[in-house]
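What follows is one structure encoded as structure tokens, with my remarks underneath.
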Amino acid sequence: MKKSSMTDTQLPNDLQKAALRGEPSYVWRAGQERRLAMIRKYGADSVREKLLVNGCGVGEYLARLADDAQLAVGLDIELSRLFEAKKKNEHLVCAAGEHLPFRSGQFTAVLSNEVIEHVEDDRMAIEEITRSLKKGGLMILFCPNRGYPFETHGVYWRGKYHFGNKLFVNYLPRSLRNRLAPHVRVYTRGDLEKLFRGIPFEVELKTIIFGAYDNIIKKQPLLGKMLRAVIHFFEKNAHQSIGTFAFLGCAQTMK
């Protein structure tokens with residue numbers, strides 16, 4: 001399979017797939033490096049034992065985490081992306097997140113990086129992740145925040161899909177927002193609390209992580225770096241409602 005050559009300004013080759021599944025990380029930059037550092041810091045020993053990257057895309061995170069893991073498995077529903085991931089990774093499975101083909105308690109950690117917003121049944125996907133984790137195993141979840149000013153998955157307008165970041169879509173009433181973006185979910189803190197209600201899962205960390213604005217820096221370096229510095233200041237201080245949710249915790253710990 002020919003390696004994707006998509007740049008920051010090009011459209012995906014398959015817009016319908018981009019709408020349904022999002023676009024994985026093709027180019028490794030500061031934004032991905034920040035998340036990787038966070039995963040390693042809070043994942044600690046759990047991600048270095050038996051790790052599942054649930055929704056691995058073309059395998060960029062999987063390849064880096066596999067270097068330190070006893071076993072690292074990547075799963076994705078898109079077979080074409082797994083062919084690309086195969087260039088850097090050995091253990092790959094094509095399956096849906098709602099039906100993980102693994103025995104209960106098989107993994108010490110599961111990473112789900114902006115995946116649950118795309119699955120057909122997010123509750124079932126979370127239940128399956130929890131089931132696949134050993135007692136005390138760690139779930140590391142990133143998902144989009146409704147407070148973020150951009151809808152990063154594009155929108156539908158007059159029957160046509162428009163790829164790219166769309167400003168303030170997520171601030172609209174939910175009924176209208178869901179008409180523009182029926183292909184992807186977005187979450188509030190309340191939504192996440194409802195999603196996890198009744199699931200044997202003990203939260204260890206709930207926080208926000210902002211983007212690194214690599215695309216802006218590439219086009220306008222000075223402006224982009226200033227924006228990154230300001231946003232990352234807010235990430236650590238006042239505005240804890242507009243970044244991407246990072247949600248980490250232990251599964252199967254509650255009686």
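Criterion: ILVMFWY side-chain heavy atoms under 4.5 Å apart, direct or through other members. Under it, F201 and L195 are part of a common hydrophobic cluster. Residues L133 and V93 fall within the same hydrophobic cluster, defined by Ile, Leu, Val, Met, Phe, Trp and Tyr side chains chained together at heavy-atom separations under 4.5 Å. In the hydrophobic clustering of ILVMFWY residues, with side-chain heavy atoms under 4.5 Å counting as a link, Y187 and V203 come out together. Linking ILVMFWY side-chain heavy atoms closer than 4.5 Å, directly or via other members, places L75 and I77 in two distinct hydrophobic clusters. Under the 4.5 Å side-chain heavy-atom criterion for grouping Ile, Leu, Val, Met, Phe, Trp and Tyr, Y148 is connected to F168 within one hydrophobic cluster.
Between V47 and A69 the shortest heavy-atom distance is O-CB, 3.6 Å. Minimum interatomic distance between R185 and D121 (heavy atoms only, all atoms of both residues): NH2-N, 3.8 Å. Scanning both residues, F107 and L51, for their nearest heavy atoms gives CD2-C, 3.8 Å. The shortest non-hydrogen separation linking P173 to R146 is C-NH2, 3.6 Å. In plain terms, the two heavy atoms of G198 and R123 that are nearest each other are C-NH2, 4.3 Å. Considering every non-hydrogen atom in both L100 and E128, the closest pair reads N-OE1, 2.8 Å.
The number of heavy-atom neighbours closer than 6.0 Å to CZ of R179, taken from other residues, nucleotides and ligands shown, is 12 or below.
Not one N or O on the side chain of N170 forms a donor-acceptor pair closer than 3.5 Å with the backbone of G147. Checked by atom type and distance alone, the side chain of Q32 pairs as donor or acceptor with a backbone atom of R29 at under 3.5 Å. Counting only distance, with no hydrogens or angles, the side chain of Q106 and the backbone of S104 share no donor-acceptor pair below 3.5 Å. Checking side-chain atoms of D76 against main-chain N and O of G57 turns up a donor-acceptor pair under 3.5 Å. No donor-acceptor pair closer than 3.5 Å links the side chain of E78 to the backbone N or O of S80.
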**Message:** Quick one, R174 with D191, criterion side chain to side chain contact (heavy atoms under 4.5 Å, CB included). Give me CA distance, side-chain angles, the key distance, then yes/no.
**Reply:** CA-CA 12 Å; R174 193 177 285 267; D191 292 332; 2.8 Å; yes
**Message:** Evaluate E98 against E120 for side chain to side chain contact (heavy atoms under 4.5 Å, CB included), listing each step before the verdict.
**Reply:** CA-CA 8 Å; E98 298 94 325; E120 289 189 11; 3.4 Å; yes
**Full working for side chain to side chain contact (heavy atoms under 4.5 Å, CB included) between V186 and V169** = CA-CA 11 Å; V186 69; V169 170; over 6 Å; no
**Request:** Might you work through the side chain to side chain contact (heavy atoms under 4.5 Å, CB included) test for L180 and W157, ending with a clear yes or no?
**Result:** CA-CA 7 Å; L180 292 169; W157 180 250; 3.7 Å; yes
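Among V110, V119, N113, L141, the single residue meeting the side chain to side chain contact (heavy atoms under 4.5 Å, CB included) criterion with N54 is V110.
Residues E151 and R177 form a side-chain contact, since some pair of their non-hydrogen atoms from C-beta on lies under 4.5 Å apart. Between R48 and R40 there is no side-chain heavy-atom pair separated by less than 4.5 Å. Within the 4.5 Å cutoff, side-chain heavy atoms of L192 are placed close to those of C143. Two residues are said to be in side-chain contact when any heavy atoms from C-beta on lie closer than 4.5 Å; L36 and L65 meet this criterion. Contact annotation: the side chain of K50 never approaches that of F102 to less than 4.5 Å [non-hydrogen atoms, C-beta and beyond]. The closest side-chain heavy-atom distance from V73 to C56 is not below 4.5 Å. Side chains of Y42 and I140 form no contact here, defined as non-hydrogen atoms less than 4.5 Å apart.
Note that CG of L138 is 10.0 Å distant from CG of L111, once rounded to the nearest 0.5 Å. The structure places NZ of K86 at 11.5 Å from CG of L79, a figure rounded to the nearest 0.5 Å. L205 CG to K41 NZ: the interatomic distance, rounded to the nearest 0.5 Å, is 9.0 Å. Note that CE of M139 and CD1 of I126 are 5.0 Å apart. Values are rounded to the nearest 0.5 Å. To the nearest 0.5 Å, the span separating OG on S112 from CG on L52 amounts to 9.0 Å. For the atom pair T130 OG1 and I199 CD1, the distance stands at 5.0 Å (nearest 0.5 Å).
Taking the six-membered ring where the residue is Trp, Y156 and Y161 present tilted rings, their angle falling between 30° and 60°.
No salt bridge links E84 with R81; every basic N to acidic carboxylate O contact stays at or beyond 4.0 Å. Between E193 and R197 there is no salt bridge, since none of the side-chain N atoms of the basic residue sits less than 4.0 Å from a carboxylate O of the acidic one.
Annotation: cation-pi pair R35/Y61 absent, no NZ/CZ under 6.0 Å from the ring centroid and within 45° of its normal.
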